[in-house]
Protein chains: 2
Amino acid sequence: MADDRRSTRDRILQACWRLLEEGDGGQTRMSDVAKAAGVSRQAVYLHFSNRAELLVAVTRFIDARSEIDARLAASRQASCGLERLDAFIEAWGNYIPVVHPVCRALLEMAPGDEAARLAWDDRMTALREGCEAAVNALASDNELSAQHPASAATDLLWTLLSIRNWEQLVEGCGWAQVAYVAEMKRLARLAITKPS
Amino acid sequence: MADDRRSTRDRILQACWRLLEEGDGGQTRMSDVAKAAGVSRQAVYLHFSNRAELLVAVTRFIDARSEIDARLAASRQASCGLERLDAFIEAWGNYIPVVHPVCRALLEMAPGDEAARLAWDDRMTALREGCEAAVNALASDNELSAQHPASAATDLLWTLLSIRNWEQLVEGCGWAQVAYVAEMKRLARLAITKPS
DNA sequence: CACGACCTTGACATAGTGTCAAGTGATATC
DNA sequence: GATATCACTTGACACTATGTCAAGGTCGTG
């Protein structure tokens, strides 16, 4: 029974994920998810009290299945600031395509939905903390550009690595994922580290 | 009569603009606009067949009142590529805060509304053409970085100057408008021009 | 058997967009 | 001066998606 319970919940999450990846983007409706999961619309509400909560649960579901923590941990073990910056961009930049479908849906509903907005802000705050840590590592190695205070460097890195920028370059301009990551590494160095 | 007609239409546009600037962002509804313009909700539909059309009309209304064409024309008359790049960033970057409230509304409805999406794409295509022209001017002066083909440099400049990035830095991180413009100029040079 | 957990069915409230039809009042035209 | 036309009002309606509620069904377990 406990197994069945998890299996229904998981089937909903899985179906939602699949629809977000395949479908027309964030326009996936609760009834679509229900149908895809082979369950009634109300069953979805028994597990997730609203759409925002479902989407947030899907992001966690994805996080758990994609070793994101491990990848980010690797970046924290880099031996110097520059290496850490590269590793961080590599980890995050390659994670974006995975979570992007859900992020898109969350982002689309954020303007009109407090819960979605908070969930999104949480995610972005976590990203900013990662950027801040990378900037601090650069500062420790005295590799940080003298152009700005560390907070401004963090702002820049955070903005550079935003999901919107990935969308525009990879989906909008047709850049290959590896080209995107390589270019972000190059730009980050130019923007916030000392000229070599 | 012809005067009255334009005055009602203009009152609607003006009211909509004001609400978008003051209000909670793109959540402004048709009935809000009607009320603010002192007109019935249906009167709004007599002038604009749907919300997307109204928003597009507001952007044109703003364009007309903000000498954007003149500012951009100035950037086209720059005597060298680098100067032109700066002038373009100056013109566009300082225009963003003016149109931003409407762009935000248009952007928020774009995912679910074909008309809004097309209108947005149009605007962004125009911006991209401006970026492309600036990149070409740099190429003519042999000032373009050898890192990428011109199209990739255009992609980068276009992405750098996106409204989302302005939102994040100015509204999200609290950067002053002048700091934003200055930093975009610096980054654009680093990203796509030859190192000096 | 009876209970409870999980799920279904179907009805309902709500919010906002866009449509429709009938009516009003001022202005222009014959 | 009657009449037609234009710009607008009023009020009702259809539609879509979210989220809520109540009543009932099914299955495993005590």
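Chain letters run A, B, ... following the sequence lines, proteins first, then strands; residues in each count from 1.
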Exercise for the section: Return no unless some side-chain N or O of B:S31 is found under 4.0 Å from OP1 or OP2 of C:dG16. Expected result: no
Exercise for the section: Could you state the atom-to-atom distance from CG of B:L54 to C1' of C:dG18 in whole Å? Expected result: 14 Å
Problem - Closest to the B:S40 side chain, choosing from C:dT17, D:dT9, C:dT8 - result: D:dT9
Problem - Value in whole Å for how far the P atom of D:dT18 lies from CZ of A:R51 - result: 6 Å
Practice task
In plain terms, say whether A:R117 and A:E114 are close enough for a salt bridge, that is, a side-chain N and a carboxylate O under 4.0 Å apart.
Solution key: yes
Exercise for the section: Could you check how far CD of A:Q42 sits from C1' of D:dG19, rounded to whole Å? Expected result: 9 Å
Exercise for the section: Rounded to the nearest angstrom, tell me the gap between atom CZ in A:F48 and atom P in C:dC6. Expected result: 14 Å
Exercise for the section: Mind calculating the distance between CG (B:L55) and P (C:dG18) to the nearest angstrom? Expected result: 10 Å
Practice task
Side chain of A:R29 only, please: which of C:dT8, C:dT17, D:dA17 is the nearest?
Solution key: D:dA17
Problem - Pair of N/O donor and acceptor under 3.5 Å linking D:dG11 base with B:R41 side chain - result: no
Practice task
Starting at atom CZ of B:R11, determine the distance to atom P of D:dA7, rounded to an integer number of angstrom.
Solution key: 14 Å
Practice task
Please determine if A:K35 and A:D32 form a salt bridge, counting it only when a charged side-chain N lies under 4.0 Å from a carboxylate O.
Solution key: no
Exercise for the section: Taking atom types as modelled, find out whether A:H47 and A:R11 have a side-chain donor-acceptor pair closer than 3.5 angstrom. Expected result: no
Completion exercise
Side-chain contact check for A:T8: nearest option of C:dC7, D:dT9, C:dG18 is C:dC7
Practice task
Grab the CG-P distance between B:D113 and D:dC15 for me, whole Å please.
Solution key: 19 Å
Handout entry: Basic-acidic side-chain contact under 4.0 Å: A:E90, A:R71
Key = no
Handout entry: Rounded distance (Å) that lies between atom C1' of C:dG16 and atom CG of B:N50
Key = 14 Å
Practice task
When you get a sec, tell me which of C:dT8, D:dG11, D:dT20 is the closest nucleotide to the side chain of A:Y45?
Solution key: D:dT20
Problem - Options D:dT10, D:dG19, C:dT8, nucleotide nearest the side-chain atoms of A:L46 - result: C:dT8
Handout entry: B:E167 side, atom CD; B:L107 side, atom CG - distance, nearest 0.5 Å
Key = 7.0 Å
Exercise for the section: Kindly say if A:H47 contacts the phosphate of C:dC6, meaning a side-chain N or O under 4.0 Å from OP1 or OP2. Expected result: no
